[in-house]
Amino acid sequence: TQSRGMPAFANEILRSACRRNNIERQGNNKVGWKGADRGKGELTPASVGGIIVHRLDTFTRTVRTILDLGAVLGTSFDLADIINVTNRTADCPFEDKEENSQKIHDALDFLVNEGILVEVCLGGDVEGEHYIENDLRAEPSPSSLKKDHVFQDKTYTFCHDIWRASILSLMLESRKKRIHKFIASSLQAQTKKCNTDYMSLMKIWNHLTAAGERTQAADVALAVGKSFEGLGMYEQSVKLYEDTLGLWRAGPESVDSDAIEIGGFRSSVLEGMNRIELEYTIRIFVSIGKALANLHNGSDSVVAYQNALQIMQVAPSARLIRDRSILFPIFSGLFLALKYGQIEQDDDCLYEQDLVRRFVTEAKLYGDPVHYARALSMQAEMFGRLEKFPQAFAAFEELASVYEAEKHSDAISKAYGSDRAAQCFAISALWYIQLDDMEAAVEMCEFIFEHLMPKMNLRNVHNSALLIYPTIWVMKSQNRCLEMLELFVKYVVEPFDEFLGEGAFTFCLPIYDPIMMLLDLCENKSNTLENLDDYVDWAIDSENLRFGQVINNGLGNFGRDCNSVSSEICLLLANRSDMLGHERQTERRKLILSGLDLARESLDFTKQKKMIPALLQTKPVLQALEELAIELGIVEENRKS
């Protein structure tokens, strides 16, 4: 079998017999049981587990302790971990820790010789509580070990799963939890001395969850989740957050089958939460909402934010929370859901206006410019979308007086996922276009390039993409496509490759290539393009041209929906002089028809969503495609089909 159960059983029986001298060479030259010992001593257990239990009883307390620690650490563990944990939990003065380390090393050697553990040498030394990296080298001699108490680090593995399972089955749950807690504390103490990657933090999280330390596990989960998100691993972060919430959700079944649940929490659980537990629960739900939004899962993102708000409203301990800023990311998340079309509201947007009013009022009272800047950016964006420009510019001017990129950008990104205050500067450029003030729109874009973009954190690629996206459409209208292409590559594409890389995901990633394609085609309308065939192949495949509702909603509010970008790519390709040959007419016709469909869909979509700047971008593209179709005599054919 996979567990090698029968061979392991036979092996333990033979080892047991040899230790007790229960076998002998018989007259027929075969090995057999001694007649007087048949069925006695260690041979009596009916399972390998019984033999192991009997054998464990013969070990010293030190050896048993090391086995317990090793079993709790996992199937395999390092010498450094064992020494660090025991030295932190042992009640002995510092000068005794070297002797303690030697005893651990001797006990592990004994267990290797007994065939219970298998050792693998690693690079690095272990001295007392310290791990010293170096190259692999020969095993130190016993004399030097006892003199200096410096050990070559090793990994130990249980020779068979049944050893670890048997040891764990003999331990009380309380003891296992206590050891998990000691291990987590030891690992956390080590992390304070150096920068720790998420793999090390996940070890800590696993031990904290096994120890039942829910709030500490939640704290680590938020840190690990942030690391995952920084690498574009949003699905992993959501799973970790959900697993952490499960520490509270997991409990005795409610006797009331009709008990109300919010976010998987029974009302009895929420009623029993203390203030700290509630704060972590809210923060995790908010983090889930942010991560799901970046995965274009808008509906579930909304549910996460709404769960957080509902829990705050019903949990008794909510009244004990003095720091009301815990509500601010919920307001921000629900606002984005409204903006991206994930929450239906009335024509006057009364729900949104009330949400924004509450946020601005509470943030102003709170007095932190980080949160107040975010609230003002929400207010300005909302008024801008409602075409109430005097109110929009009033809120924006207040924002400009509060916001300082050097001081606030990273803090806003930490609280809200990206620098929404800086992005409001870019969105304001779109208002100027609606007011036919192109000079002011360009001036705002140049301010962003000179004073804001250089101060943004390049690792936050999502923020850079949203900040630069509205400016593309302003500057493209001024025939500054090459400049925008270079800026987009510098601040978005290259940082994505450097800090995230292949396999990672961020909200705007699907539109990266189309943006670069569009800007390249605009810049080189009359020039030869080496990658023209690649562009045509991409645009001929209709699956490449259409984007999901979430990203269309999201970027449509930043100046242009993604389907409109695809429609203009089709137009520019179809209009190129090197596409006029007879051999390319089939491709050209298909590009025009696809562009028409996309432009009409985009026009209807942006009208419905009242995305006026995006609508203004699409209208001339649709007009040009219709004129080109009439010129080639394919409009009527398209409509009939």
Side-chain angles (χ1 to χ4, degrees), residues 232 296 465 469 472-473 476 481-482 484-486 488-489 492-494 496-497 500-552 555-556 560-603 605 617-618 620-635 637-638 641:
H296 297 188
Y469 191 81
I472 291 173
W473 315 120
K476 174 177 168 292
C481 296
L482 179 60
M484 295 313 302
L485 178 59
E486 290 172 348
F488 188 75
V489 170
V492 178
V493 179
E494 289 179 350
F496 178 89
D497 291 338
L500 299 179
E502 188 176 354
F505 187 82
T506 186
F507 183 84
C508 298
L509 178 62
I511 198 68
Y512 284 9
D513 286 339
I515 286 174
M516 291 189 288
M517 200 181 307
L518 177 63
L519 292 173
D520 191 21
L521 287 167
C522 286
E523 180 65 25
N524 295 287
K525 289 180 181 178
S526 58
N527 299 329
T528 301
L529 280 175
E530 293 182 4
N531 48 1
L532 175 64
D533 289 339
D534 293 334
Y535 289 174
V536 172
D537 289 343
W538 180 88
I540 289 295
D541 187 347
S542 59
E543 291 187 3
N544 293 328
L545 299 173
R546 280 181 171 77
F547 294 82
Q549 184 176 1
V550 173
I551 191 169
N552 273 322
L555 294 183
R560 191 165 191 179
D561 66 294
C562 303
N563 287 352
S564 172
V565 174
S566 294
S567 69
E568 188 170 3
I569 290 173
C570 291
L571 171 64
L572 291 171
L573 287 171
N575 257 340
R576 289 185 62 84
S577 59
D578 41 13
M579 289 291 292
L580 299 181
H582 177 72
E583 70 282 359
R584 308 210 75 154
Q585 288 311 295
T586 300
E587 293 174 326
R588 193 178 182 213
R589 180 178 179 278
K590 188 168 184 178
L591 289 168
I592 294 170
L593 291 175
S594 294
L596 280 168
D597 287 343
L598 288 162
R600 287 169 180 152
E601 289 173 16
S602 173
L603 199 68
F605 175 77
Q617 291 289 324
T618 303
V621 174
L622 177 58
Q623 183 179 348
L625 282 164
E626 288 176 337
E627 291 173 356
L628 186 58
I630 291 172
E631 178 185 332
L632 298 177
I634 60 175
V635 171
E637 180 183 346
N638 179 45
S641 60

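Along the sequence shown, residues are numbered consecutively beginning with 1.
- At distances below 3.5 Å, at least one donor-acceptor pair connects side-chain atoms of Asp561 with backbone N or O atoms of Ser564.
- Contact between Leu509 and Ala504 at its shortest, heavy atoms only, is CD2-O, 3.6 Å.
- Going from atom CD1 of Ile634 over to atom CG of Leu596 covers 7.0 Å, rounded to the nearest 0.5 Å.
- In this structure the side chain of Asp541 never reaches within 4.5 angstrom of the side chain of Asp537, judged on heavy atoms.
- For the 3.5 Å distance criterion, the side chains of Asn527 and Asn524 qualify, holding a donor opposite an acceptor.
- The structure places CG of Leu598 at 12.5 Å from CG of Leu603, a figure rounded to the nearest 0.5 Å.
- Of all the heavy atoms in Cys570 and Gly595, the pair that sits closest is CB-CA, 3.9 Å.
- The shortest non-hydrogen separation linking Leu518 to Trp473 is CD2-CZ3, 3.6 Å.
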> Can Asn531 and Asp520 be said to form a side chain to side chain contact (heavy atoms under 4.5 Å, CB included), step by step?
Replying inline: CA-CA 10 Å; Asn531 48 1; Asp520 191 21; 4.1 Å; yes

> After noting the C-alpha distance and the side-chain angles of Met516 and Asp513, does the key distance pass the side chain to side chain contact (heavy atoms under 4.5 Å, CB included) rule?
Replying inline: CA-CA 5 Å; Met516 291 189 288; Asp513 286 339; 3.4 Å; yes

>> Applying side chain to side chain contact (heavy atoms under 4.5 Å, CB included) to Leu572 and Lys525, what does each step give before you reach the verdict?
In response: CA-CA 8 Å; Leu572 291 171; Lys525 289 180 181 178; 3.9 Å; yes

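- Taking the ring centroids of His296 and Phe547, they lie at or beyond the 6.0 Å cut-off.
- Between Glu587 and Lys590, no side-chain nitrogen of the basic residue sits less than 4.0 Å from a carboxylate oxygen of the acidic one, so the salt-bridge criterion is not met.
- Residues Asn544 and Trp538 approach most closely at ND2-O, 3.0 Å, considering heavy atoms.
- Between atom CZ of residue Arg584 and atom CG of residue Leu591 there is a gap of 9.0 Å, rounded to the nearest 0.5 Å.
- Residues Glu486 and Val489 fail the side-chain proximity criterion, which asks for heavy atoms closer than 4.5 Å.
- Outside the 6.0 Å centre-distance limit, the rings of Phe488 and Tyr469 are not counted as a close aromatic pair.
- To the nearest 0.5 Å, atom CG of residue Leu532 and atom CE of residue Met579 are 6.5 Å apart.
- For the atom pair Ile515 CD1 and Ile511 CD1, the distance stands at 5.5 Å (nearest 0.5 Å).
- Within the 4.5 Å cutoff, the side chain of Arg588 has heavy atoms near those of the Leu580 side chain.
- Among all heavy-atom pairs drawn from Cys562 and Ile551, the shortest one is SG-CG1, 3.9 Å.
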>> Between Phe605 and Thr618, is the side chain to side chain contact (heavy atoms under 4.5 Å, CB included) condition met? List the steps.
In response: CA-CA 11 Å; Phe605 175 77; Thr618 303; over 6 Å; no

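- For the 3.5 Å distance criterion, the side chains of Ser602 and Asn563 fail to qualify, holding no donor opposite an acceptor.
- For the salt bridge (Lys or Arg N to Asp or Glu O under 4.0 Å) test, residues two or more places apart in sequence or in another chain that qualify with Arg546 are Glu601.
- Salt bridge Glu626/Arg600: present, at least one basic N to carboxylate O contact under 4.0 Å.
- Taking CD1 from Ile569 and CG from Leu521, the interatomic distance works out to 7.0 Å, rounded to the nearest 0.5 Å.
- Across every non-hydrogen atom of Leu519 and Cys481, the tightest pair is O-CB, 3.7 Å.
- Listed by first then second residue, pairs satisfying side chain to side chain donor-acceptor pair (under 3.5 Å) with a partner in residues 565-580 read Lys476-Glu568, Arg560-Glu568, Arg576-Asp578, not counting sequence neighbours.
- Not counting sequence neighbours, Gln585 has no partner by the side-chain hydrogen bond (donor to acceptor under 3.5 Å, both in side chains) test.
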